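Throughout, a chain's letter reflects where its sequence line sits, starting with A, and its residues are numbered from 1. Here the structure is a predicted model, which means the values were calculated and not measured.
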There are 2 protein chains.
Amino acid sequence: MINIREVARLAGVSPATVSRVINGTASVSEEKRQRVLQAIEATDFVPNEVARSLFKRSAKTIGLIIPSIRNPYFTELAAKLDELATQRGYRLFLHNVGYDLDQEWAALQQLEAINADGAILVPSSNDDRADQRELSIPLVVLDSDFNGPVSAYLYCDYYQGAQLAMEHLVDCGCREIVCIRGPQSTFSGRSRYVGYRDYCLEHHIRQRVVDCDYDFNAGLAMTEELLERYPKVDGILACNDIVAISTYKILHKRNIPVPDQIQLIGFDDIAFSSLISPELTTIHQPIDDLASLAMDLVLRQEERAVKGGRHILPVTLVQRETTKRKDA
Amino acid sequence: MINIREVARLAGVSPATVSRVINGTASVSEEKRQRVLQAIEATDFVPNEVARSLFKRSAKTIGLIIPSIRNPYFTELAAKLDELATQRGYRLFLHNVGYDLDQEWAALQQLEAINADGAILVPSSNDDRADQRELSIPLVVLDSDFNGPVSAYLYCDYYQGAQLAMEHLVDCGCREIVCIRGPQSTFSGRSRYVGYRDYCLEHHIRQRVVDCDYDFNAGLAMTEELLERYPKVDGILACNDIVAISTYKILHKRNIPVPDQIQLIGFDDIAFSSLISPELTTIHQPIDDLASLAMDLVLRQEERAVKGGRHILPVTLVQRETTKRKDA
DNA sequence: TATTATTATGAAACCCGTTTCATTTGTCTA
DNA sequence: TAGACAAATGAAACGGGTTTCATAATAATA
């Protein structure tokens, strides 16, 4: 591969001059600048980004670590963050860790080792980890509140979201509401469940819970089990949209009318939830705001962020076709 | 940030020795090795990956460039490639270029500049590009057959897929089949359409075509237009599953029974297509095989690949609930 | 015991773009 | 015209692991 010294030799100047032409960091005589430009053209020279970032200590890269690339929620988040990063002249380095804590940690180390300018982490688990030594790059954590040396936390008000959902289901006339709760090791799974639990406690409703992972197959299987365990269910609060969609599939297959016999509500408001028929009632998360704030926090902490600051975004209920007020 | 010389100083050895301990590239006396390990432990030293890959000329990274991270087909492909890369000790660097050719080219240059070990590209357009100078890293191109200096091409037999789909729709009794064709600048859009066209020509069927981008909103809008233009339609061949799902949504909203009045078939077999109700009949692409072959090709071209070699994978029809043989 | 083969180890070069610093050339002011 | 100052430019150092090469020390063979 051609390098800057080679180009310099060809143009009859020093490497420093070539560098100055490329980066516009200092003035160069028009004559030499032309010679350099020509030599670059002739050789298809592309500066080695590795050498550059070794010296600069910046790779113009932001890392994003997500538990699963197969979950549309994370994918939509990644898409938005990618846009934002590109806009600001950064690359987004997406790490998919498949809910594996070792991989997650490795990804973080790696980002540090490649001189990334910051990292955005959606933890695979909210449990305390011993391994959290301080990183040398800014780290903002999404969808979690675990204790660690991070620059900022940022999440949506899931607790409130679950309460909103319960309120709505009760308003719609549901009496036997089952919560399909997500993994209790995750923050989203736990706080959504706690929102449900507290609502039940406050309103003297018996809790009905079924555990489920955040994926299709689990959703399918756990819905079957739910129907077995709670035959009189008339409302379901699913831990996310993926699971809600799986749930609907089973209900549909069994010819259980939704929302007439069972009302269903999801969580996240992924793009698909308004695309399926019937459209899914769900708790909307402001993904765009989330992404934009996360990017701000990681890029210029000094402005919006306090060290270790917590930012909580509100969620809203969007009613579509899987819930309906019973006017009995 | 702590560096190797610092660690060496602390351990009372040379940087070379530290490097040897870390990489196991040469034997080191047990005593010094312990001192080094201890110093690493004490300082939380993580070798700077940038410096390492500058020297090694390998970043243990392979790049994946896709047109859109919002399309589940690409996402599933990325997920699989990510698994494969991780298995083999590489990172997958995902570049989302949003169907922008400039960004695509920039991504390619960037991968070259960071010493990536290879790149897998799903082109945003199949048109000839002038810019295709030879890259210094192996490049395998998916879902395209445009002419350029690449290591290998790899795609599914879309032409055959479209014919399979048509055959099936005709078998099911459809007489007025409309093709919602994808962007004709893409290889998938074009070859799927050509498969449809040739089938029509061979069987003396009048072509009915509507153009559509690969996304939800376009799918929604174009289905409306389709129904306007071809009121007697009884079969729809959608350019991909996303569009097929949008199409179903409109049909459902208008109370047009599927498959009884209109039969519908998609393309890609993304995970969602079997999760919605009714389940979507579609053309299945062997994503896992595709990913696995792509990874092989990019990583060890010498074995499976001929320079510029073409690899074409077969597709299959999977009949689900949006098509049905009419036993009239 | 002399000699050769090993093993251990550090100094220095290397990868390559960037930047500092000193020098040279040219310009402007007194 | 001398002195002061600005612009242009290259040599060299830098960033941080890795590897080569030479040397020193130890072990094995004659």
Are side-chain N/O atoms of Gln34(B) and Gln38(B) paired as donor and acceptor at under 3.5 Å? no
Can you list, by residue number, the residues of residues 36-45 of chain A that have a non-hydrogen atom closer than 4.0 angstrom to DNA chain D? none
Using a cut-off of strictly less than 4.0 Å, decide whether Arg5(B) has a side-chain nitrogen or oxygen near OP1 or OP2 of dG16(D). no
Rounded interatomic separation in angstrom, taking CD from Glu6(A) and C1' from dC15(C): 15 Å
Could you check if a side-chain atom of Glu31(A) sits within less than 4.5 angstrom of a side-chain atom of Arg35(A), using non-hydrogen atoms only? yes
Here the gap from Leu81(B) atom CG to Leu94(B) atom CG, rounded to the nearest 0.5 Å, amounts to 9.5 Å
Rounded distance (nearest 0.5 Å) linking atom CZ of Arg70(A) with atom CG of Asn96(A): 8.5 Å
Non-hydrogen atoms of Ser124(B) and Asp100(B) that approach each other most closely: OG-N, 4.1 Å
Do the side-chain N and O atoms of Ser188(A) and Tyr214(A) include a donor-acceptor pair separated by under 3.5 angstrom? yes
Side-chain heavy-atom pair Asp213(A), Tyr99(A) within 4.5 angstrom cut-off: no
So which nucleotide from dG17(D), dC16(C), dT19(C) ends up closest to the side chain of Phe55(B)? dG17(D)
Does Glu30(B) or Ala51(B) map to a spot on DNA chain C nearer the 5' end, using the closest nucleotide for each? Glu30(B)
Can a side chain N or O of Lys32(A) be found less than 4.0 Å away from OP1 or OP2 on dA8(D)? no
In whole Å, I'd like the distance from the CG atom of Leu54(B) to the C1' atom of dG17(C). 9 Å
Nucleotide dC16(C), atom P - distance to CZ of Arg52(B) in whole Å: 18 Å
When the distance from CZ of Arg9(B) to P of dG10(C) is rounded to whole Å, what number comes out? 15 Å
Can you list, by residue number, the residues of residues 15-28 of chain A that have a non-hydrogen atom closer than 4.0 angstrom to DNA chain D? Ala16(A), Thr17(A), Arg20(A), Ser27(A), Val28(A)
Quick check: do Val141(B) and Tyr155(B) have side-chain heavy atoms less than 4.5 Å from each other? no
Heavy-atom side-chain proximity of Phe93(B) to Ile62(B) below 4.5 angstrom: no
How close or far is atom C1' of dC14(C) from atom CG of Asn48(A), stated in whole angstroms? 14 Å
About how many Å separate CG of Leu121(B) and CG of Leu142(B), when rounded to the nearest 0.5 Å? 8.5 Å
Find the distance Glu112(B):CD to dG17(C):P and express it as a whole number of Å. 12 Å
Check every strand shown and say whether Arg57(B) touches a base, only sugar-phosphate, or nothing at a heavy-atom separation below 4.0 Å. sugar-phosphate
What is the distance from atom OH of Tyr90(A) to atom CG of Leu84(A), rounded to the nearest 0.5 Å? 13.0 Å
For atom CZ of Arg35(A) and atom P of dT9(D), their distance in whole Å: 9 Å
Does Glu41(A) CD have over 12 foreign heavy atoms under 6.0 Å away? no
Pairs under 3.5 angstrom, nitrogen or oxygen only, protein versus nucleotides 22-26 of chain C, please.
none

Side-chain N or O of Asn3(B) closer than 4.0 Å to phosphate OP1/OP2 of dG16(D): yes
Just how far, in rounded Å, is C1' of dT18(D) from CD of Glu49(B)? 12 Å
Looking only at side-chain N and O atoms, does Lys56(B) come under 4.0 Å of OP1 or OP2 in dG17(D)? no
With a 4.0 Å cut-off on heavy atoms, is Val13(B) in touch with a base, just the backbone sugar-phosphate, or nothing at all? sugar-phosphate
